[in-house]
Amino acid sequence: MEAQQPDQGDEVTSGPNAKIPVPLAAGLGLQLAALVLPGAVLIPTIVFRSAGQPEDILLWAVFASVVVSGGATALQALRVGRFGSGYLIATGASGAAIAVSIAALEAGGPALLAALVLTMALLQFAFSARLALFRRILTPTVTGTIIMLTPVTVMPVIFEQLNNVPEGTAPAGGPLSAAITLAVVVGIMLKARGALRLWAPIVGIVAGSLVAAAFGFYDTGRVANAPWIGFPSPAWPGIDLDFGAAFWTLLPAFLFIAVVCTIQTISGAVGIQRASWSRPRAVDFRAIQGAVASDSTGNLLSALAGTMPVGIRPTGTSMAEITGIGARTIGIASGALFVVLACLPKALAVILAIPGPVTATFITIMMATIFIVGVKVIVQDGIDYRKGAIVGIAFWTGVGFENGVVFPDFFAALTGGTPLNGMIAGGVLAIVATLFTELTKPRRRKVEVAFDRSALREIGEFVAGFATRSGWDEAMAARLDAVSEETLLTLLAQDEAAPDAAPRRLMVVARREDGGATLEFVASRGEENLQDRIALLGEASAGDVLEREVSLRLLRHLASSVRHQQYYDTDVVTVRVEPTALDTAKGA
């Protein structure tokens, strides 16, 4: 697909591989870094200070957190082998790990924290390698709900920053700086075209900061007192590998946070894919695996450096939505700038001095775009009454937990005094409901065969028996057989394009569902997504049609829907076949 450039007035984003000028990539990367750095600095500062750690340990932990965040952000964009998503994904200190990190520091210091963060990284590596096993649970319904709940979790803290102004400031200072920021950013987003739209975030923040400076609450003293160049003294704490009682006591909490952070990463990787392309595309689960692997690499580096865990930020997705550009070169530039700014305290102070009302207003705009991305993820996957019920109940349950109105004392006792935030509560409910729906579906029948043309006869016998047991006639059985044949032939054509691929097996799963048939084919990977190719068939000219598109056209004609999930070394193609009215009457 050809990426569309923002100067064409298009309202959609360019692709992640779009070529943009280096100055533009650097400018947008600086905007992204400016939005993520305050959290990357303040979160570890709060954690290590709350745990009573010495100043040298604190300064080193903050420095290491910023550097690791930059490295992980760049790795996400670069996609080195199976590490990184190849998309614009920002990384920063994990807010979900604040409570457990403080507990680890108090129980055993930075060395114990490093050991526990190391276990998080290992669990995330395992998730990345075996993500296909969770495909029935981490559905677009679940990930979209979690994306929608991200603003719900963040906004209470952000709204508090609207009133974060020094005492003695004129009452109109905070509201006016926030209003100017909002007006400038939204005005440029809605009306500007071309290059100006790309600079909406920084123009709005500068305008709001100038208003704040006029009222005297932009912290110029912080900027003036900060040195130009500075490095903290190395204070590596080592890793506590004694595995004492404190380690085993805190391990379950850190593993739970690892699962939460992994689900956040999966949801964020789905969201940025939706935001980065100019037309809907099938989700690339290899990119999601790479995103989780990059996250685990960041936590491995955090453990080795003796700082707290890192996790992805939704900032990249909102930047792509606001500016209209999702090029991954922005992520590479932003990651490099993280490292540079970590060594330039004065430049870092300019960012940290931005007043609370200004940052709160802009983050509010960003969170609004994140909410809409979550809605798109759910709607584009197709929504029925089951999915609608899961999304609605999980979302409003998350809102209730975030506002502390859902039996707060009872659940705080269950979690050891730590209240569940809205994203965790709603996400867990969505996962449980999805798992319940999956487990209560009709029994699946499956067969495992060789992944070659010789399996056609065995697959034909399998689907014929499935059709007979389901009460369908020969016409429906023939359609199922044709769908199975075309799917296998198309997958084989992709596999033959990679002659060095190892031989694999094919598993075919059949299930009667909602009056129709669902067939699932689990085989080796291919480089092209069948779902996307089927969607693009009507747009291809005669000269572009490949021979194997005959199979794709037949598949589109015979099946009501085709969903292709691509993982490293694994392809999962799910085909839905609806019976005719006569088939339905006979099967009733």
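Worth saying up front: this structure is predicted, and the values here are computed from it rather than measured.
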**Report entry** Flag side-chain contact, heavy atom, 4.5 Å: I57 against P110
**Finding:** yes
Requested in this report: Of all the heavy-atom pairs spanning F215 and A170, show the shortest one and how long it is.
Outcome: CD2-CB, 3.8 Å
Report task. For residues C261 and S94, report the shortest heavy-atom separation together with the two atoms involved. Result -> SG-OG, 3.6 Å
**Report entry** Results of ring pair (Phe, Tyr, Trp, His ring centres under 6.0 Å) for F254 - residues two or more places apart only
**Finding:** none
Report summary line: On a heavy-atom basis, the closest approach of L250 and A104 is CD1-CA, 3.5 Å
Report summary line: Output for pair (L182 CG, I365 CD1), nearest 0.5 Å, gives 5.0 Å
Requested in this report: State, yes or no, whether a side-chain contact exists between Q273 and I288 at a heavy-atom distance under 4.5 Å.
Outcome: yes
Query raised in the report: So do the side chains of F338 and V36 get within less than 4.5 Å of each other, counting heavy atoms only?
Result: yes
Query raised in the report: What pair of heavy atoms forms the shortest contact from A61 to G306, and how long is it?
Result: CB-O, 4.5 Å
Query raised in the report: Has the side chain of S267 got a donor or acceptor atom that lies under 3.5 Å from a matching backbone atom of I263?
Result: yes
Query - Any donor-acceptor pair under 3.5 Å from T73 side chain to T91 backbone - result: yes
Query raised in the report: Hey, does the side chain of E402 reach the backbone of G422 with a donor-acceptor pair shorter than 3.5 angstrom?
Result: yes
Query raised in the report: Do L123 and F127 touch side chain to side chain, with heavy atoms closer than 4.5 Å?
Result: yes
Query raised in the report: Is it true that a side-chain atom of S128 and a backbone atom of Q124 form a donor plus acceptor pair closer than 3.5 Å?
Result: no
Query raised in the report: Just by modelled atom types, is the T262 backbone N or O under 3.5 Å from a matching donor or acceptor in the D295 side chain?
Result: no
Report summary line: Rounded to the nearest 0.5 angstrom, the CD1-CD1 distance for I89 and I312 is 5.5 Å
Requested in this report: Compare every heavy atom of A25 with every heavy atom of T329, then report the nearest pair and how far apart it is.
Outcome: OG1-CB, 4.1 Å
Report task. Examine distances only and state if a side-chain atom of R328 and a backbone atom of Y87 form a donor-acceptor pair shorter than 3.5 Å. Result -> no
Report task. Before giving the answer on side-chain contact (heavy atoms from CB on, under 4.5 Å), spell out for V41 and V66 the whole-Å C-alpha distance, their side-chain angles and the decisive distance to 0.1 Å. Result -> CA-CA 7 Å; V41 172; V66 173; 3.8 Å; yes
Report task. Determine whether W277 and P16 make a side-chain contact, defined as any pair of heavy atoms from C-beta on separated by less than 4.5 Å. Result -> yes
Report task. Would you give the length of the straight line joining atom CD of E167 to atom CZ of F217, rounded to the nearest 0.5 angstrom? Result -> 14.5 Å
Query raised in the report: Residues in ring pair (Phe, Tyr, Trp, His ring centres under 6.0 Å) with F371, at least two apart?
Result: F395
**Report entry** Heavy-atom side-chain proximity of M308 to V117 below 4.5 angstrom
**Finding:** no
Report summary line: Shortest non-hydrogen pair, I147 vs P151, comes out as O-CD, 3.2 Å
Requested in this report: May I have the step-by-step check of side-chain contact (heavy atoms from CB on, under 4.5 Å) for K387 and I378, ending in yes or no?
Outcome: CA-CA 9 Å; K387 295 177 181 178; I378 295 169; 5.8 Å; no
Report task. Report the residue from T181, V184, V185 that forms a side-chain contact (heavy atoms from CB on, under 4.5 Å) with V203. Result -> V184
Query raised in the report: Donor-acceptor pair, D384 side chain versus R386 backbone, under 3.5 Å?
Result: yes
**Report entry** Separation between CZ of R286 and CZ of R79, rounded to the nearest 0.5 Å
**Finding:** 6.5 Å
Report task. Output yes when a side-chain donor or acceptor of T169 lies under 3.5 Å from a complementary backbone atom of V165, and no otherwise. Result -> no
Query raised in the report: Is S296 reaching over with its side chain to a backbone N or O of A293, donor-acceptor style, under 3.5 angstrom?
Result: yes
Requested in this report: Go through the steps to decide whether I146 and V142 satisfy the test side-chain contact (heavy atoms from CB on, under 4.5 Å), and finish with yes or no.
Outcome: CA-CA 6 Å; I146 294 173; V142 172; 4.0 Å; yes
Query - Non-hydrogen side-chain atoms of T364 and F159 separated by less than 4.5 Å - result: yes
Requested in this report: Starting at CG of L113, measure out to OG of S101 and round the result to the nearest 0.5 Å.
Outcome: 5.0 Å
Query raised in the report: Okay, side chain of K346, backbone of V223: is any donor-acceptor separation there less than 3.5 Å?
Result: yes
Report task. Measure the spacing between OG of S276 and CG of L88 and express it to the nearest 0.5 Å. Result -> 6.5 Å
Query raised in the report: Tell me, do I257 and M120 make a side-chain contact under 4.5 Å, heavy atoms counted?
Result: yes
